[in-house]
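Residue numbers begin at 1 in each chain, while the letters A, B, ... track the order of the sequences.
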Amino acid sequence: MPDGNVPFERRVVRPASREPMHVETSEYVYDGSRTTRPAPGTTWADAPCPALRADAAGAVVDVNAAAGALLPTARPRAPLADAVPAWLADAHRRFVTATRPTDGERRFGMVRGELAGRSFEARPTPAAAGEVVWWLVDDTELRLAEKALRTEQERTAFLAEASSTLLTSLNVDRCMEVTAELAARHLADAAVVVAPAARRHYPVAYAGPGGVVRRRSVHADPAAVPGLSEALQGFPPVPSRWIDPSLLPEWAVPEGLSQPVGSVVVTPLPGHGVPAGAVVLLRRDDHRAFDESEEVFARLFAARAGAALSAARLYAEQASITDTLMRDLLPPSLHQVNGVEFAGGYRASGAAERAGGDFYDVHPGEGPGEESLVVLGDVCGKGLDAAVLTGKIRNTVQALLPMAGDHQRVLDLLNGALVNSHHTRFATMVLASVRRSAGRVRLRLTSAGHPAPLIVRADGGVEEADTRGSLVGVLPRVTSRTVTADLAAGETCLLFTDGITEARGGPLGDELFGDGRLKSALAECAGLPAEAVVERIQMLASEWVGDRRHDDMAVVAITAPRTTHLSAVDGHTRGRFTA
Amino acid sequence: MTALSPSGFTVTVETAPRGVSLRLAGELDLDTADDLVDAVRGQLTGPGRDEVCLDCADLTSCDSSGLAALLMARRLTAAAGVGLRLADRPPHLTRMLEITGTLEHLTEPYPLGEPEAGARESHGPHPGAG
């Protein structure tokens, strides 16, 4: 106790500074000017919360000062109906007639309503003689805060939904539709998404009140919609712009709006350095116009939609470039040419960014006695760089076909065309010139830095062609050694890339398929048609890698047919067959 | 100096009697090829720099991109008038160089036709090098 001389008096503890007051021991703390008045808690007249006492018959008994200020007509004996709003008078009537819950539920009889433009919670407490005291608690700020919180929660949920929905698709059209639909559902009555022009036409997606989305290509001048041209340029960023609905051209208004357009905002969709488009938000004239917080929110949405749209657009452009380049790189389907069977197989690397290194081509000879040229190769590197180099090699070899009688010359010229001071990207390849001659297939084989072709004989023996040479594209000079080989009926020469021999897998998961396994697999292919040889080798290598990462794998089989047409000159006579 | 790459390929630079030795360890492939080229490019000049030696003993694998990096190393050293040597080649590397016909090119003792080649050969071990 600070002072033992005043044991009963309630003291005011007032710090010298304006720091918050604090309670010492059991003393009450209250306003200093009222120390002489009765202790608080013994009267309700000066309670800061408005309070009103009414009797069971529905008349005012008494009000405290705060209630008197709030309800000027609430005088003693005035009927409640005249003194307080109807919602409170009704609540009083219900409360005095109701049976109270036995558990004394604290919120029993509590009501909420408006009074003098603010929101109040009215809590009844029973008093003596059937009277009721109504305590009025102003909860306006709380209600506003709750409403703001709910709005924010809804907006956050919406933005999260928008992001996840938008990012599920890398398809530009789909992204536009989703943007329009989400905007119409959450931001406005209708929305129009305008993408940057493609060949002077603007792709447009409309979403109306019913959530129906339509797409159109509009040939129009975006300058007709104020702010749209600027928004479509994407840079510099422009703020959303309010426009007069009467200025909207017909194409910019979605169908299905039952009321005239009352308010319009044009918001740019910011992309990653590339303009992603703009969204036009429309509200009917019987609905509220956009307020500032909604406009800010629309911008947050636009940022997400713009990011998704521009990602989709960049992806589409890249995919289209890759498609264009890769279309020419697809291996040809092979078949019998001039009495020789050809079959090819290509399994692209699983990972997209690692694709594109292997290739093969067959350039058929012009007549039955002419050589066909088979090229199988492997370009160093992956992805677009490799695809571009592959294309260059295939085109150059095609142009060099007249020199195909001299493999070394073809390789020299190709090397000269490829050597480049910027990089050391190279290719390894096998050239095989193939001609049918006197019932056999005659091969000239040249390896340029590539694994040597394997030949499987009719008896199952497997030989490696004794050709060696240097890779093309880096060294000043290419050296090579060409060998010849003959295939009897049922024998096959296999060209392959190291994607086969270096395929990692097997029972332990990290073992190379290797030359040995390839040779034994091939030994079992004696006598099989070319197609079957390719299928078997591909199947074994695929089984070996399972679903592990692997490089491109390419194989070409050149086979002397087992049953063949010896006098196949015109293709009509049946001729003789060999076994 | 050891440059660590996420895939575990490392280049360790050490002084050597005739210049510098780069000890290569790990997998030389598409992801690490540039590390080798950058390391070699950074070692082309220096006092008594006659040779860049690539110590390949700990090279666990080398793919076509790795070979392209070796070819680039050869091109860079030749242009700078410095020799390139691939020391302690593991069998898989020698085999790859043989198949691709690059063994001779990459292991020629010194750029042919360089007049000062013989003169440099006569230098003794660089003092203080180890």
*Nearest atoms (heavy-atom pairs only) where A:His423 meets B:Met72*: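 Taking every non-hydrogen atom into account, CA-CE, 3.7 Å.
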*Taking all non-hydrogen atoms of both residues, which atom of A:Gly381 and which atom of B:Ser64 are closest, and how far apart?*
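Taking A:Gly381 first and B:Ser64 second, the nearest heavy atoms are N-OG, 3.9 Å.
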Do [X] and [Y] have side-chain heavy atoms sitting under 4.5 Å apart?
| X | Y | result |
| --- | --- | --- |
| A:Leu471 | B:Leu71 | yes |
| A:Phe426 | B:Thr102 | no |
| A:His450 | B:Ile99 | no |
| B:Arg75 | A:Val474 | yes |

*With a 4.5 angstrom heavy-atom cut-off, could you sort out which part of B:Leu70 is near chain A: side chain, backbone, both or neither?*
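B:Leu70 has no heavy atom closer than 4.5 Å to chain A.
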*asked:* So, taking the atom named OG in A:Ser470 and the one named CG in B:Leu103, what distance separates them when rounded to the nearest 0.5 Å?
replied: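 Rounded to the nearest 0.5 Å, the OG-CG separation comes out at 12.0 Å.
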*Once you round to the nearest 0.5 Å, how far does CD of B:Glu104 lie from OG1 of A:Thr479?*
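Here the interatomic distance stands at 7.5 Å.
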*asked:* Tell me whether A:Arg425 contacts the main-chain N or O of B:Ser65 through its side chain, where contact means a donor paired with an acceptor under 3.5 Å.
replied: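 Pair absent, no side-chain N/O of A:Arg425 close to backbone of B:Ser65.
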*For A:Phe513, what residues pass the ring pair (Phe, Tyr, Trp, His ring centres under 6.0 Å) criterion, not counting sequence neighbours?*
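Applying ring pair (Phe, Tyr, Trp, His ring centres under 6.0 Å) to A:Phe513 gives A:Trp544.
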_Other residues, nucleotides, ligands: >12 heavy atoms within 6.0 Å of A:Arg481 CZ_ =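 Yes, because the 6.0 Å sphere around CZ of A:Arg481 holds more than 12 heavy atoms from other groups.
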*Counting only heavy atoms not in A:Arg548, do more than 12 sit closer than 6.0 Å to its CZ atom?*
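Above 12, so yes.
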*Quick one: what part of A:Thr428 sits under 4.5 Å from any heavy atom of chain B, side chain, backbone, both or neither?*
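Looking at A:Thr428, just its side chain touches chain B.
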_Results of side-chain hydrogen bond (donor to acceptor under 3.5 Å, both in side chains) for B:Glu14 - residues two or more places apart only_ =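 Testing B:Glu14 for side-chain hydrogen bond (donor to acceptor under 3.5 Å, both in side chains), a comparison that skips the adjacent residues, returns B:Arg23.
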